[in-house]
Novice: 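There's a structure below that I have some questions on.
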Amino acid sequence: MLRANDEVAAALGELAELMAIAGGDSFRIRAYEKAARAVAEHALDVDTLDEHALTAIPGVGSHIAAKITELRRTGRMSELDDLRAQVPAGLRALLDVPGLGPKRARQVYDELGIASLPELLDALHQERLRGLRGWGATSEENLRRAIAETQQAGARMQLGVAFEVAEELVHELGTLTAVAQAAYAGSLRRMCETIGDIDLLVASTNSKSVMDGLATLPLIAEVRASGHTKAVAVTTKGVRVDLRVVVPEVWGAALAYFTGSKAHNVHLRRIAQRRGLKLSEYGLTSEDNARVVASTTEEEIYAALDMAWVPPTLREDHGEIEAAAEGTLPRLIELKDLHGDLHTHTTLTDGLASLEEMVQAAKARGYRYLGVTDHAPLLYMERMTKEKMLAQREELRALEKRHRGLALLHGSELNIQPDGSLDWDDETLGGFDLLVASVHSHFSMDPEEMTTRLIRAIEHPAVNVIGHPTARSIGHRPPIEFDTRAVFQAAARAGTALEINSFPDRLDLNDELARVAQDLGVVFSIATDAHSVRHLDNIRYGVATAQRGWISPDRVINTWSLPKLHAFLSKGRRLRSHRRAAVKSGPREPG
DNA sequence: GCCGTTTTCGGCCCGACTGTTTTCAGTCG
């Protein structure tokens, strides 16, 4: 969050957007977009690179390298400043509305003087847009709905964003001498998919000193309210932070209280009450506060209520309290259970790291296997060909020889067509070690047809995993609609795993659907869909989502040993060779 | 603006969908 790379990427991205609104050359715009993305995902800190070294980043040439250097040296990028002067700031925000691009943003500005979302809403209300060329009542209605949906989701930030800010804030708080302990709590600690504001908890015997120190932290832009134990602040990125300070003796009680959820807390308090006790952020005590039963650790509090400690990701009052009391909490999947990643991309298609870089990164993570699954030909924009795919396979086999201890699975991410068919012919499909099939187009089909579409892909003998099964994009695109029960049952029957995609804007399957799927006998692949080395870290969000879905490690195929995984992945290929053999030998003679 | 077993110039992400048109512009993945 604090990386110089993010700041540079933000500046380049803004430059690209402003250029698009101003009507700049589309190839030039795309060059800036590409560079922004490459810088954001680049493994090295741009502050450690000189202008020449910057051009080693793919998509960064001499011009952009110079602009990056200018920004890092002076804090400004002159071309960006010029464009900011030309294009009203509010206009850029309009691009966040799905369906509204730079051309139309520019059009409403030029012809109606609209330069902000509120003004756009006014114009919609007055039906002024339908008079413009290319607009009609339907486009007005679509835009109105898109804005409403965006605003509903816009108040919360994605887990990945909140997580990085919170980790950095906790680190910064830890540098204050008055802070004995610091942690994030709330929906973030429960790893919910979106986060409203960041709840921070600090243990200290000197709360005044902590409050004074808060304003001095690099990441804090403004402290809006500050009392004896509670403060509200805003980070430099505009994220709202709630800080609570408690004495170290009540750390556990406060952490449990502020982690929630509300439903979980209410349920716990009811149990305490039945025992003549009182549970608050200050501890589990007797009714009159005279006696403290437990307060310093969460474990003590749960134990005092005769139950096992409940992992934060389960605290939604979805049966975890009963399970904790009966001693039947599931053994949840953890990061260390995973032996590999089964959905990754390279520069062969839209990834930002080469095959070799991805392999090295997987090895550095201690993985035993890595599935490389670049896009398939029917995602036309990626321009995949059979020749490129086969060349990659050769390179991969060669790399495998050089990286003992890391098995490389040559795969592909196929595109599930509207009729459920896939890329490539059966023979070519049979040559892969691993096949992920995903929906990348035609998102709004009739649910019945969508169900048929998915089940056909699931039942294809070569398909091992269905990638991001609902194809949602959090805050942007709703999940595709299908009969979840029918699809999950088909997956369980066919031995096709469903992915828990770890990308913070996907988290797909989500926690609830994963839990339903597990109950129906589905197995899962927790995968990153990494398009860069850094994306491999996103696996923690996939693991957290699986935890929230009560998924146990034995149900996740990438916790399995390589031989067991191989056996699972080869199901389709065995079936096919079986089928070929049957065709060759013909029908058996009766005898 | 970037980049090169097509190249130091001249390409660069193709195809579908939508809503508006009367042959297409804008947006998206």
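All chains are named by letter (A, B, ...) in the order of the sequence lines, taking the proteins before the strands, and each is independently numbered beginning at 1.
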Novice: With rounding to whole Å, what would you report as the distance between B/dG11 and B/dT6 at their P atoms?
Specialist: 16 Å

Novice: Work out how far the C1' atom of B/dC13 is from that of B/dG26, and round it to whole angstrom.
Specialist: 16 Å

Novice: Using the P atoms only, state how far B/dC12 lies from B/dT7, rounded to an integer number of Å.
Specialist: 14 Å

Novice: If I take atom CG in residue A/Leu83 and atom P in nucleotide B/dG1, what distance separates them, rounded to the nearest angstrom?
Specialist: 11 Å

Novice: Between A/Phe432 and A/Arg393, is there a cation-pi geometry (under 6.0 Å to ring centre, at most 45° from the normal)?
Specialist: yes

Novice: If the P atom of B/dG10 is compared with that of B/dT22, how far apart are they to the nearest Å?
Specialist: 37 Å

Novice: Does B/dT5 sit syn or anti, given that only angles within 90° of 0 count as syn?
Specialist: anti

Novice: Should A/Arg30 be listed as having a side-chain N or O under 4.0 Å from OP1 or OP2 of B/dG1?
Specialist: no

Novice: Might you confirm whether atom CZ of A/Arg130 has over 12 heavy atoms from other residues, nucleotides or ligands at distances under 6.0 Å?
Specialist: yes

Novice: For A/Thr470 and A/Asp508, which I'm curious about, is there any donor-acceptor pair between the side chains at under 3.5 Å?
Specialist: yes

Novice: By nearest nucleotide on DNA chain B, pick out whichever of A/Gly61 and A/Ser444 is the more 5' one.
Specialist: A/Gly61

Novice: Nearest whole angstrom, please: distance from the C1' of B/dG1 to the CG of A/Leu54.
Specialist: 15 Å

Novice: Classify A/Ser62 by what it touches in the nucleic acid, base, sugar-phosphate, or nothing, heavy-atom distance under 4.0 Å.
Specialist: sugar-phosphate

Novice: From the set B/dC2, B/dT27, B/dC17, return the single nucleotide nearest to any side-chain atom of A/His63.
Specialist: B/dC2

Novice: Report yes if the distance between the aromatic ring centroids of A/Tyr541 and A/Phe503 is under 6.0 Å, otherwise no.
Specialist: no

Novice: Name the residue from A/Glu400, A/Gln392, A/Glu394 that meets the side chain to side chain donor-acceptor pair (under 3.5 Å) definition with A/His410.
Specialist: A/Gln392

Novice: Think A/Arg128 forms a cation-pi with A/Trp135, using NZ or CZ under 6.0 Å from the six-ring centre and within 45 degrees of its axis?
Specialist: no

Novice: Does OP1 or OP2 of B/dG29 have a side-chain N or O of A/Arg477 closer than 4.0 Å?
Specialist: yes

Novice: Send over the distance from A/Asp350 CG to B/dC13 P, rounded to a whole Å.
Specialist: 12 Å

Novice: Side-chain N or O of A/Asn142 versus OP1/OP2 of B/dT18: is the shortest distance under 4.0 Å?
Specialist: no

Novice: Could you state the OH-C1' distance from A/Tyr32 to B/dC12, rounded to the nearest angstrom?
Specialist: 16 Å

Novice: Quickly work out the A/Glu51 CD to B/dC2 P distance and round it to whole Å.
Specialist: 11 Å

Novice: Compare the minimum distances between each of B/dC17, B/dC2, B/dT27 and the side chain of A/His442, then state the nucleotide with the smallest one.
Specialist: B/dC17

Novice: In this structure, are over 12 heavy atoms from other groups packed under 6.0 Å from A/Glu79 atom CD?
Specialist: yes

Novice: Between B/dT20 and B/dA25, how far apart are the P atoms? Round to whole Å, please.
Specialist: 16 Å

Novice: Give the B/S/- string for nucleotides 6-11 of chain B, one per nucleotide from 5' to 3', where a protein heavy atom under 4.0 Å of the base yields B, of only the sugar-phosphate yields S, and otherwise -.
Specialist: ------

Novice: Nearest whole Å is fine: how far is B/dG26 C1' from A/Leu95 CG?
Specialist: 13 Å

Novice: Distance alone, cut at 3.5 Å: any donor-acceptor contact between the side chains of A/His535 and A/Asp529?
Specialist: no

Novice: Strictly below 4.0 Å, heavy-atom distances to any atom of DNA chain B: list the hits from residues 104-118 of chain A, or just say none.
Specialist: A/Arg104

Novice: Any side-chain donor-acceptor pair under 3.5 Å between A/Asp511 and A/Thr545?
Specialist: no

Novice: Between A/His343 and A/His345, is the ring centre distance below 6.0 Å?
Specialist: yes

Novice: Please list, in numerical order, the residues of residues 125-140 of chain A that have a heavy atom closer than 4.0 Å to any atom of DNA chain B.
Specialist: A/Gly134, A/Trp135, A/Gly136, A/Ala137, A/Thr138, A/Ser139

Novice: Is A/Glu167 atom CD crowded by more than 12 heavy atoms from other residues, nucleotides or ligands, each under 6.0 Å away?
Specialist: yes

Novice: Can you tell me how far C1' of B/dT18 sits from NZ of A/Lys103, to the nearest Å?
Specialist: 16 Å

Novice: Just how far, in rounded Å, is P of B/dT18 from CE of A/Met445?
Specialist: 12 Å

Novice: May I ask you to check whether A/Ser438 and A/Glu413 show a side-chain donor-acceptor distance below 3.5 Å?
Specialist: yes

Novice: Should the pair A/Arg72-A/Asp47 be classified as a salt bridge under the 4.0 Å nitrogen-to-oxygen rule?
Specialist: yes

Novice: Determine the interatomic distance between P on B/dT18 and the same-named atom on B/dT23; round to the nearest Å.
Specialist: 22 Å

Novice: For A/Leu100, report the nucleic acid contact type (base, sugar-phosphate, nothing); a contact means any heavy atom under 4.0 Å.
Specialist: sugar-phosphate

Novice: Less than 4.0 angstrom from a charged side-chain N to a carboxylate O is my criterion; do A/Glu70 and A/Arg76 meet it?
Specialist: no

Novice: Determine the interatomic distance between P on B/dT21 and the same-named atom on B/dG15; round to the nearest Å.
Specialist: 27 Å

Novice: C1' atom, B/dT5 versus B/dG1: distance in rounded Å?
Specialist: 24 Å

Novice: Using Watson-Crick or G-U wobble geometry with both distances below 3.5 Å, tell me the partner of B/dT8, or none.
Specialist: none

